[in-house]
S.K.: 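This is the structure I have questions about; it appears just below.
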Amino acid sequence: MSAIVTTLEQRIGRGATTQEFFVNMGPQHPSTHGVLRLVLKLEGETVKDVIPVLGYVHRGVEKMGEHLSYRQFVHLTDRLDYLSALANNWAVAKAVEKAAGIETNERIETIRTLVAELQRIASHQLWWGVFGMDLGAFTPFLYGFRDRERITDILEETIGARLTMNYIQPGGVMFDLHPDFQRKVKEFIAYFRPKLEEYETLLSRNIIAQERMRGVGVLEAAQAVALGATGPVLRASGVAHDLRKSEPYGVYGKVEFDVPVGARGDCWDRYWVRIEEIRQSLRIIEQLIENIPEGKHLLVKPAVRTKVPEGITYSQVETARGVFGVLLVSDGKDVPYRIHVRTPNFNNLWAITRIAPGWRVADLVTMISSLDIVVPDIDR
Amino acid sequence: MDVSRMNPIVAPPLRRSGFFADIVAGLRSLLQGMGITFRYFSHPSTVVTQQYPENRATLKMFDRYRMRLSLPHDENGFHKCTACRICEQACPNGSINVVSRKGAVTGKTELDRYIWRMDSCTFCNACVMACPFSCLKMNGDFECSVFDKSLLVFNLTRYAGPTSTVLMKVENPEERRKLWEPRDVYSGPLPLRGTELPGGGKTLGKPEEPARSET
């Protein structure tokens, strides 16, 4: 930068200087993925500092939860990380089941695992498309959405909703699997494996995309852990932390899959980890789809307001973006005394303050996109 | 944490071999990517976009698709609702209001109006799940846009009049039909005063028209 400054001074004379200035990126910016406002401290086009400003979609979900029964609260979690609605539902269901001592059966857990993994793929497909678009390639966006539509259709047939699903309930799931579910999922896997290779050819092996990701925005493992980053962001920094492995819930303990981790923690690693996670999710689904155990799909009467004994319960699941945790504080009533939600994106967002300084604004867009941020999840 | 159980697979490094080799490999990667684009371009049958307003006649929503709440009536105009208010309590944001009355003859509580506010409904299906008589259904009728928010307050009971026990005693269906008092689906705070609903009133005025998913 100093080289440019001296050149300017030499050219113009009269002691022309550059100065630092502040620019708002967002809240209405196409590549901030929602109403996220980043205040950038710039020197020329070099980012000196990034200050995220939050609160544009704050809805007070935690406070609302204090007036809703546990079953009613589930539908609010759809609206946090809307791309992992099922995993969020699951976290609440798991917490309530743990606190109230509700046992679930094998079928319920298998259904939950299947739909959550399907949605993880759908979420990563959407991310892949949007990531391509943020790099300046519009084509991946179309292909990503085309294949995501297949999963959305499968889930829509069983669940009845495309985005805000409210499917996994304390004590079971809302509907039983649709009779076509197994056939359609098998068809999807057969369809999607070649398409994933296409994704690789289109974007992963593209030299321009590679050069824009390689070495950009390196997040050290120690920094990632200190920030509390989870999910692919943490794993790309080389920390093999995956709740599905370390404290298996659902039927993750019975299936085989690997945990992809990055080597350097740059944008390329975050990209690669997510693409590889799609493959691992396909592996999990393939192992489970053949024999889904028989049983009831809902063990609690839907009209009953579940009462939770006094105490504090915490449960967490691994969503497509990281650890989603729910803390229930109960005073023995049918509504929680306090409900706290730990969302992965809030912690992942702050990685941008560590990795962005020193890079250009165009690289900042790549970095935000590689963190895969969903803004309603940050503000909640 | 037991790291050995993790089976981590580590990201491979991006290989760079040399200046000219990279140029050749890079150009090839670009051409391969363009090849995919041109393959789809030259095969229009692979295009999957739905032409929505044009395909309305053939568009079929899934049976479970959750959209407009409905209180299915049988061919005699009866519904199974007993005004127990369980759905009202199950609703997370007060979108349902069950107005009950004392039956003129029987003296029992019966449903007068079933008011559903679509403007605050989140389609979470809690009311349908909670109903002990399975008298509610969310159907796939998704074309519900209006120009005025107050038009999103619906009355799901189609008829008012004597209770079913009284009505059943009337043998002649024509006579029975005369005892009903037809209700407007619209029950918002503003009276309609005969004005046409936006969009020709087609969606709002005919709730009995079955949703496409059921046909």
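A, B, ... follow the sequence lines: proteins, then strands. Residue 1 opens every chain.
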S.K.: A side-chain contact here means heavy atoms from C-beta on lying under 4.5 Å apart; do L30(B) and N206(A) qualify?
M.R.: yes
S.K.: Counting only heavy atoms closer than 4.5 Å, note whether D78(A) contacts chain B via side chain, backbone, both or neither.
M.R.: neither
S.K.: Heavy-atom pairs under 4.5 Å with chain B: which of E198(A), R146(A), R205(A), R162(A) has the most?
M.R.: E198(A)
S.K.: I need the residue from V273(A), T164(A), T158(A) with the largest number of non-hydrogen atom pairs under 4.5 Å to chain B.
M.R.: T158(A)
S.K.: Quick one: what part of P12(B) sits under 4.5 Å from any heavy atom of chain A, side chain, backbone, both or neither?
M.R.: both
S.K.: Ignoring hydrogens and angles, tell me if any N or O in the side chain of T201(A) forms a donor-acceptor pair with the backbone of Q32(B) under 3.5 Å.
M.R.: no
S.K.: Side chain, backbone, both or neither: which part of H67(A) has a heavy atom under 4.5 Å from chain B?
M.R.: neither
S.K.: Do R235(A) and P8(B) have side chains that get closer than 4.5 Å, going by heavy atoms?
M.R.: no
S.K.: Check whether any side-chain heavy atom of M129(B) sits under 4.5 Å from a side-chain heavy atom of L298(A), and report yes or no.
M.R.: yes
S.K.: Could you give the distance from CG (N93(B)) to NE2 (H75(A)), rounded to the nearest 0.5 Å?
M.R.: 5.0 Å
S.K.: What part of T139(A) gets closer than 4.5 Å to chain B, counting heavy atoms only: side chain, backbone, both or neither?
M.R.: side chain
S.K.: How long is the gap from CG on N125(B) to CD1 on I159(A), to the nearest 0.5 Å?
M.R.: 11.5 Å
S.K.: Within a radius of less than 6.0 Å around CZ of R79(A), do more than 12 heavy atoms belonging to other residues, nucleotides or ligands occur?
M.R.: yes
S.K.: Looking at R39(B), I'd like to know if its CZ atom is crowded, meaning that more than 12 non-hydrogen atoms belonging to other residues, nucleotides or ligands lie closer than 6.0 Å.
M.R.: yes
S.K.: Once you round to the nearest 0.5 Å, how far does OH of Y143(A) lie from OG1 of T37(B)?
M.R.: 4.5 Å
S.K.: Given that the side chain runs from C-beta out, which part of R16(B) has a heavy atom under 4.5 Å from chain A: side chain, backbone, both or neither?
M.R.: side chain
S.K.: Check for a donor-acceptor pair, side chain of R66(B) on one end and backbone N or O of M165(A) on the other, with a separation under 3.5 Å.
M.R.: yes
S.K.: Test your reading of the model: is there a side-chain donor-acceptor pair from Q72(A) to the backbone of Q89(B), 3.5 Å cut-off?
M.R.: yes
S.K.: Of the backbone (N, CA, C, O) and the side chain (C-beta and beyond), which part of E149(A) lies under 4.5 Å from a heavy atom of chain B, both, or neither?
M.R.: neither
S.K.: Atom SG of C124(B) and atom CZ of R71(A): how far apart are they, to the nearest 0.5 Å?
M.R.: 10.5 Å
S.K.: Counting only heavy atoms from other residues, nucleotides and ligands, does the tally under 6.0 Å from CD of E256(A) exceed 12?
M.R.: no
S.K.: Once you round to the nearest 0.5 Å, how far does CZ of R214(A) lie from CG of L14(B)?
M.R.: 6.0 Å
S.K.: Could you check which of M64(A), H178(A), Q280(A) has the highest count of heavy-atom pairs closer than 4.5 Å to chain B?
M.R.: H178(A)
S.K.: Which one of F145(A), Y167(A), W268(A), F73(A) has the most heavy-atom pairs closer than 4.5 Å to chain B?
M.R.: W268(A)
S.K.: With a 4.5 angstrom heavy-atom cut-off, could you sort out which part of Q169(A) is near chain B: side chain, backbone, both or neither?
M.R.: neither
S.K.: If you count the non-hydrogen atoms of other residues, nucleotides and ligands that lie under 6.0 Å from CZ in F41(B), is the total more than 12?
M.R.: no
S.K.: I36(B) versus chain A, heavy atoms under 4.5 Å apart: side chain, backbone, both or neither?
M.R.: both
S.K.: Checking C91(B) against chain A: side chain, backbone, both or neither under 4.5 Å from a heavy atom?
M.R.: backbone
S.K.: What distance do L27(B) atom CG and I207(A) atom CD1 have between them, rounded to the nearest 0.5 Å?
M.R.: 8.5 Å
S.K.: So which part of L68(A) gets closer than 4.5 Å to some heavy atom of chain B, the side chain, the backbone, both or neither?
M.R.: side chain
S.K.: Measuring only between side-chain heavy atoms, which start at C-beta, is F123(B) closer than 4.5 Å to N166(A)?
M.R.: no
